[in-house]
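Down below is the structure, laid out as structure tokens.
Values below: every heavy atom of this structure, side chains too, minus hydrogens, waters and symmetry copies. Computed from a predicted model, the values in this text were never measured in an experiment.
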Number of protein chains: 2
Amino acid sequence: MKNGARKGKSLAQLCVEKGMTLTKKRKVIINVIEKDPGHLNTEDVYNRAKMEDSSISIATVYRSLKLMRDYNVIDHHSFGQEHQHFESPMKSHHDHFVCNECGKITEFTDNSLEKLKINVARSHDFEMHSHRLEIYGLCSDCSKTSQ
Amino acid sequence: MKNGARKGKSLAQLCVEKGMTLTKKRKVIINVIEKDPGHLNTEDVYNRAKMEDSSISIATVYRSLKLMRDYNVIDHHSFGQEHQHFESPMKSHHDHFVCNECGKITEFTDNSLEKLKINVARSHDFEMHSHRLEIYGLCSDCSKTSQ
DNA sequence: TTGTTAATTGGGAATGAATATCATTTTTAC
DNA sequence: GTAAAAATGATATTCATTCCCAATTAACAA
Ligand SMILES: [Mn+2]
Ligand SMILES: [Mn+2]
Ligand SMILES: [Zn+2]
Ligand SMILES: [Zn+2]
């Protein structure tokens, strides 16, 4: 789920623009998210944040992630699982392959797919703000192995 | 999330094929899901099942839905919300518009989009089993109103 | 700076959805 | 029919998330 056109701005900047105050704790949390190239769940964020600031509380992590989610400044996915995974909005828009065998998540982008999504939404008179496409199946590794 | 090619078979049949025994309670639950054209959460299923069989337990509803989910005979979505929503697999494959304003969920199908998904997966050497596309934004009603 | 107010936070309690347990009931296989 | 296996209801338990509130920190005018 991406709003696009956010490249160039840091997550911190986006938060400020939305009116969030950038406290020390929030800076730590933002730093954790921006540093990671993948998809972190709440526990992941908490564990990494504690390494930078051992006094940080799990409640603050939950509160901050919820806040950023509500303000639409971080992306989140559930990937068919129970818990949410968060990722930096600095990455340009992409979709995900989810391997049902090994759980690996791979990111991909396809321009014609993006264009088609826009057209489909328009033709159904739906004002698209964001979208999420997840493709489930077997990654190339698991596909070979299972033969 | 659809496996396609399941049209014609009832949910009950699919369950039997997977090796599930069709108990009285499960028949009630299956009936609830097949009867509804939309997307039910666990509580919804429980409430409706109780109307057909007041002795049914919420534990059984959880167990049965989990089982059918694990056996891939019912479709489930989270729509960016907390709880999962289930729907009958009898409906042919479709994607969803989710209105951020009124919460309304609309189903749609687009053949060229489906073809493109297949091509994209193939070109990334990913063996697609199912996929899920959710488009978030404003439905036509809310789009008009918010002007 | 300093003081005043509002916002944020840590820690622990509360909540609640989902699962586990276990005695009882139902289904299956013979 | 009987015996073994599976499913169920009621309830206890788990555990991720939220709530609560006193203490801390941030914002900002003087
Ligand atoms: Mn991603
Ligand atoms: Mn649907
Ligand atoms: Zn894999
Ligand atoms: Zn709407």
Side-chain angles (χ1 to χ4, degrees), chain A residues 11-33 39-71 73-74 76-86 103, chain B residues 11-33 39-71 73-86:
Chain A
L11 178 50
Q13 281 178 297
L14 286 173
C15 290
V16 170
E17 282 177 20
K18 295 289 181 174
M20 288 176 60
T21 62
L22 271 193
T23 64
K24 283 181 187 174
K25 312 283 173 170
R26 287 180 186 168
K27 280 178 186 164
V28 170
I29 291 166
I30 286 168
N31 191 34
V32 166
I33 295 168
H39 310 93
L40 301 168
N41 63 29
T42 307
E43 198 68 19
D44 294 331
V45 174
Y46 175 55
N47 288 330
R48 297 184 191 194
K50 262 201 305 196
M51 293 199 278
E52 289 190 42
D53 178 351
S54 63
S55 77
I56 207 164
S57 154
I58 185 79
T60 298
V61 174
Y62 272 106
R63 274 188 289 238
S64 302
L65 290 176
K66 188 180 189 338
L67 205 60
M68 289 191 278
R69 187 157 43 75
D70 291 347
Y71 276 134
V73 294
I74 44 171
H76 58 104
H77 310 272
S78 64
F79 296 131
Q81 296 172 283
E82 196 176 350
H83 302 304
Q84 284 203 339
H85 293 246
F86 300 89
Chain B
L11 178 49
Q13 282 177 297
L14 286 172
C15 289
V16 170
E17 281 177 20
K18 295 288 181 175
M20 287 176 60
T21 62
L22 270 194
T23 64
K24 284 181 185 175
K25 312 285 174 168
R26 286 180 186 168
K27 281 178 187 164
V28 170
I29 292 167
I30 287 168
N31 190 35
V32 166
I33 295 168
H39 310 92
L40 302 168
N41 63 29
T42 307
E43 198 67 19
D44 295 331
V45 175
Y46 174 56
N47 288 330
R48 296 184 191 194
K50 263 200 305 195
M51 292 198 280
E52 289 191 42
D53 177 352
S54 63
S55 76
I56 207 164
S57 155
I58 184 80
T60 298
V61 174
Y62 272 107
R63 277 189 288 237
S64 303
L65 290 176
K66 187 181 189 338
L67 205 60
M68 290 191 278
R69 187 156 43 73
D70 291 347
Y71 276 134
V73 293
I74 45 170
D75 298 309
H76 58 105
H77 311 272
S78 65
F79 296 132
Q81 296 173 282
E82 195 175 350
H83 302 303
Q84 283 203 340
H85 294 246
F86 300 89

Exercise. Atom CG of A/Asp53 to atom P of D/dT25: distance rounded to whole Å?
Worked result: 11 Å

For this session: Could you state the atom-to-atom distance from CD1 of A/Ile30 to P of C/dT8 in whole Å?
Result: 13 Å

Problem set entry | Options D/dA16, D/dA26, D/dA6, nucleotide nearest the side-chain atoms of B/Thr21 | D/dA6

Problem set entry | Smallest separation among heavy atoms of B/His76 and A/Gly80, with atom names | CE1-O, 4.3 Å

Exercise. At their closest point, which heavy atom of B/Val73 faces which heavy atom of B/Leu11, and how far apart are they?
Worked result: O-CD1, 3.2 Å

Exercise. Separation of B/Ile58 atom CD1 from C/dG16 atom P, in whole Å?
Worked result: 14 Å

Problem set entry | A/Tyr62 vs D/dT18: side-chain N/O to OP1/OP2 distance below 4.0 Å | no

Exercise. Picking from D/dT8, C/dA18, C/dG11, which would you name as closest to the side chain of B/Thr23?
Worked result: D/dT8

For this session: Evaluate side-chain contact (heavy atoms from CB on, under 4.5 Å) for B/Leu65 paired with B/Gln84, printing each intermediate quantity in order.
Result: CA-CA 10 Å; B/Leu65 290 176; B/Gln84 283 203 340; over 6 Å; no

Problem set entry | From CD1 (B/Ile33) to CZ (B/Arg48), nearest 0.5 Å | 11.0 Å

Exercise. How many Å lie between CZ on B/Phe86 and P on C/dA17, as a whole number?
Worked result: 14 Å

Exercise. What integer distance in Å separates A/Lys66:NZ from D/dC19:P?
Worked result: 7 Å

Problem set entry | Of the listed nucleotides D/dA6, D/dA10, C/dG10, the one nearest the side chain of A/Lys25 | C/dG10

Problem set entry | Rounded distance (Å) that lies between atom P of D/dT25 and atom NZ of A/Lys27 | 14 Å

For this session: Send over the distance from A/Glu82 CD to C/dA17 P, rounded to a whole Å.
Result: 13 Å

Problem set entry | Shortest side-chain distance from B/Arg63, nucleotide among D/dA10, C/dT27, C/dT9 | D/dA10

Exercise. Base, sugar-phosphate alone, or nothing: which one does B/Ile56 contact when heavy atoms must sit under 4.0 Å apart?
Worked result: sugar-phosphate

For this session: Determine yes or no for a side-chain-to-main-chain donor-acceptor pair under 3.5 angstrom, with A/Thr21 supplying the side chain and A/Thr23 the backbone.
Result: no

Seminar exercise, completed: With the side chain defined as heavy atoms from C-beta on, B/Thr42 is closest, among C/dT27, D/dA10, C/dA18, to C/dA18

Exercise. If you check the B/His83 side chain, which of D/dA16, C/dA17, C/dT9 turns out closest?
Worked result: C/dA17

Exercise. Rounded to whole angstrom units, what separation is found between the CD atom of A/Gln81 and the P atom of D/dA16?
Worked result: 14 Å

Exercise. Quick one: which of C/dA17, D/dG9, D/dA7 gets closest to the side chain of B/Arg26?
Worked result: D/dA7

